[in-house]
Amino acid sequence: MCGIIGVVQKRGVVAPFLHQALKRLEYRGYDSVGVTTISDNKLYVKKDQGKIDEVHRRLNLDEMPGSMGIGHTRWATHGPPSMLNSHPHFDCHNEIAVVHNGVIDNFMELRLELSKKGHKLNSETDTEVIPHMLEDYMKEGLSLAEALKEVSKRIEGTYAIVAMSTKDNGKIVCTRDGNPLVIGTKSGVSYVSSDIPAFLPMTNDMILLLDGEIASLTTDEIRIEKLSDGSSVERDTIKISWTADQAQKSGYPHFMLKEIHEQPEAIRNTLRLRPETIKEAAEIIKSSERVYIIAMGTSGHAAIAGRHMFASLAGILPSFELASDFSDTVYDALSDKDCIIAITQSGETTDTISAVKFAKEFSTKIVAITNVVGSSITRLADHTVITQAGPEIGVAATKTFMVQLTSLALIALALSELTGFKDTATIQGKLESLQKMPELVSNVISRNEEKARRLASLFYDKPSLLFLGRGISMATAEEGALKLKEIAYNHAEAYSAGESKHGPIALVQDGYPVIFVAPNDDTRKRIIGNIMEMKARGATIISVIQKNDNDMSSIADHTFTIPSDVEPEFSIMPYVVPLQLFSYYMALRKGYDPDKPRNLAKSVTVL
Ligand code: G6P
């Protein structure tokens, strides 16, 4: 949550870059935006409530002098969206500017202390204490970096902080504890950001900053020190394989639609993961006593699907737990003989990171599945699988979900080989069908996109929809309902089709839309029974079914079709796609921006 960018360059005006970088960070929050630059030893600021385009129309974010600056796009925690609460925040003399992501837990006592000393704080944010504390330390003669070191000793919570000052010109200083910051480097320019895509058009060279470190960036040098003892840190540059083009809309009206269309390629690239990487994950799982899969949001649905894959293919049934509730559910029932599979596309979700840290106290092994190289989870995990979706910009996850499923399928097959639960020929057959998945998903998109648009115009004004499935299709239904809630704001609920008659059926009356995920697997016959129950109460049935499933299509009012047979363990991959498209067109039909759903952010870095 909250996007951060900072840049210091030798010459040229930096404001248009800051503006574009913030656009690339908008998925982190979009209730307000602000930019500060330094020119002729003076701070210039433009900030306000609203999405970046709106604020730019009012203030023209491109017209600011100076070749260094910092910017912020906000997802409000402390204080509602407003001009005063927007970042950057300043000291009493407008000499120090700070942007921050995270939460300062002890901000109230710090505020009180500062007010008593005569500081005038203008906002309701926790962030504003930082520039005022920096002001006091700098008054004592400390440099900006030294002052930030002192501040970091006093603040409690999780944070990524970027600061600059006219009193220590030509330098950007940053530190982190619990929230992401990455440094980008290029000859004569240094960048710092919460996310790689912010500087991707300028450089693919990145340096990680870790928790408890502080970095000083100038045009020629990046210095990193440990906060604990001031020792300097030498860290290699990493080359990121993502391309700037992947973070552009490339002719699509929205990132979400582009990313749905990129799914075949994302699966293809993930299928090329080194077999040793997959095998090592499988070996850790195989050698563990208890196996938990933990995740949040869409990644949680991949986890539920993964659980089915592991059970069906390898005879291992992990427990799925929401990462946010993990420690409250398992208590001390963990040991060094257990393992956790943590799934998080961003690698930064605080709920997931906290659960992993909790498990590490018991020396439990951690296998991480993430899409972001160098993200926080990769540094906590014993073994990491990096999925190959490329940058995902749409807040609602689509292609990162697909690659999580792909990697889980690969691990399940490797695990099957290790446990001997399925014979070699069966495993080989399943692997071959997985290899055909990119083509299948591509066909599913082309055959269902127009249908999704049409059905959206029939159902967009329905206040509530039910999504039902059985077995692994329960995860498909969950993801379909979540997508619809997230971006089109229709109330949508997913239920096991079996459970639906124990309560949810009471909601059903004439014309109530019920969406069934009904692949041609062992659940099909029972699903037919559930469809009939819903029909008998007047429900309008929309089914996602295999092409030529005449029984199913005869009892549905509308169908999305999957062109060919699919291995039951992998059905979620093609079957979820029409539901992604349906949500996208529902949002569009209602006039909402699917890339920026209200109140949400792509990476949730608060508990
Ligand atoms: C947020 C996003 C969701 C995402 C979830 C977990 O809520 O809006 O799209 O699924 O976080 O994110 P992660 O990065 O851990 O997969």
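Just follow the structure's listing: the first ligand is 1, and inside any ligand the first atom is 1.
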Enquirer: Give the residue, atom name and distance (to 0.1 Å) of the protein heavy atom nearest atom 3 (C) of ligand 1.
Expert: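 Looking only at protein heavy atoms, the one closest to atom 3 (C) of ligand 1 is E486 OE2, 4.0 Å.
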Enquirer: How far is atom 2 (C) of ligand 1 from its nearest protein heavy atom, and which residue and atom is that?
Expert: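 Minimum-distance protein heavy atom for atom 2 (C) of ligand 1 reads A601 O, 3.5 Å.
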Enquirer: Any nitrogen or oxygen of T344, main chain or side chain, under 3.5 Å from a nitrogen or oxygen of ligand 1?
Expert: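 Indeed, backbone or side chain, T344 has an N or O that close.
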Enquirer: Please tell me if the side chains of V517 and L579 come closer than 4.5 Å, counting only heavy atoms from C-beta onward.
Expert: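 They are in side-chain contact.
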Enquirer: Just which atoms of ligand 1 are under 4.0 Å from any heavy atom in S346?
Expert: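 Contacts of ligand 1 toward S346, numbered from 1: 13 (P), 14 (O).
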Enquirer: Could you measure the distance from the CD1 atom of I304 to the CG atom of L408? Nearest 0.5 Å is fine.
Expert: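 It is 12.0 Å, given to the nearest 0.5 Å.
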Enquirer: What protein heavy atom sits nearest atom 5 (C) of ligand 1, and how far away is it?
Expert: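 Nearest neighbour among protein heavy atoms for atom 5 (C) of ligand 1, to 0.1 Å: M296 O, 4.0 Å.
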Enquirer: Quick one: nearest non-hydrogen protein atom to atom 12 (O) of ligand 1, plus distance?
Expert: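 For atom 12 (O) of ligand 1, the nearest protein heavy atom comes out as T349 OG1, 3.3 Å.
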Enquirer: Is it true that K279 and E283 make a salt bridge, defined as a side-chain N closer than 4.0 Å to a carboxylate O?
Expert: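 Result for this pair is yes, salt bridge flagged.
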Enquirer: Indicate yes or no: does D53 engage K23 in a salt bridge with an N to O separation below 4.0 Å.
Expert: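 Yes, D53 and K23 are salt-bridged.
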Enquirer: Checking R598 against Y489: charged group under 6.0 Å from the ring centre and within 45 degrees of the axis?
Expert: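 Yes, a cation-pi geometry.
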Enquirer: When the ring planes of F326 and Y292 are compared, do they come out parallel, tilted or perpendicular, using 30° and 60° as the limits?
Expert: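 If you compare the ring of F326 with that of Y292, the planes turn out perpendicular.
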Enquirer: Got the closest protein heavy atom to atom 9 (O) of ligand 1, with its distance?
Expert: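 Ranking protein heavy atoms by distance from atom 9 (O) of ligand 1, first comes V395 O, 3.3 Å.
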Enquirer: Nearest to atom 7 (O) of ligand 1, what protein heavy atom do you find, and at what distance?
Expert: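 The closest one turns out to be V604 CG2, 3.7 Å.
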Enquirer: Taking only heavy atoms of T298, which atoms of ligand 1 are found under 4.0 Å from at least one of them?
Expert: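 That gives atoms 10 (O) of ligand 1.
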Enquirer: Please verify the inter-ring angle class for H72 with H87; under 30° counts as parallel, over 60° as perpendicular, anything in between as tilted.
Expert: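 Geometry flag for H87 against H72: parallel rings.
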Enquirer: So which heavy atom in the protein is nearest atom 11 (O) of ligand 1, and how far is it from that ligand atom?
Expert: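 Ranked first by proximity to atom 11 (O) of ligand 1 is K602 O, 3.8 Å.
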Enquirer: Hey, are the side chains of Q404 and Q345 touching, using non-hydrogen atoms and a 4.5 Å cut-off?
Expert: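 Yes, at least one pair of side-chain atoms sits under 4.5 Å.
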Enquirer: Got the closest protein heavy atom to atom 16 (O) of ligand 1, with its distance?
Expert: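 Protein heavy atom at minimum distance: S299 OG, 2.5 Å.
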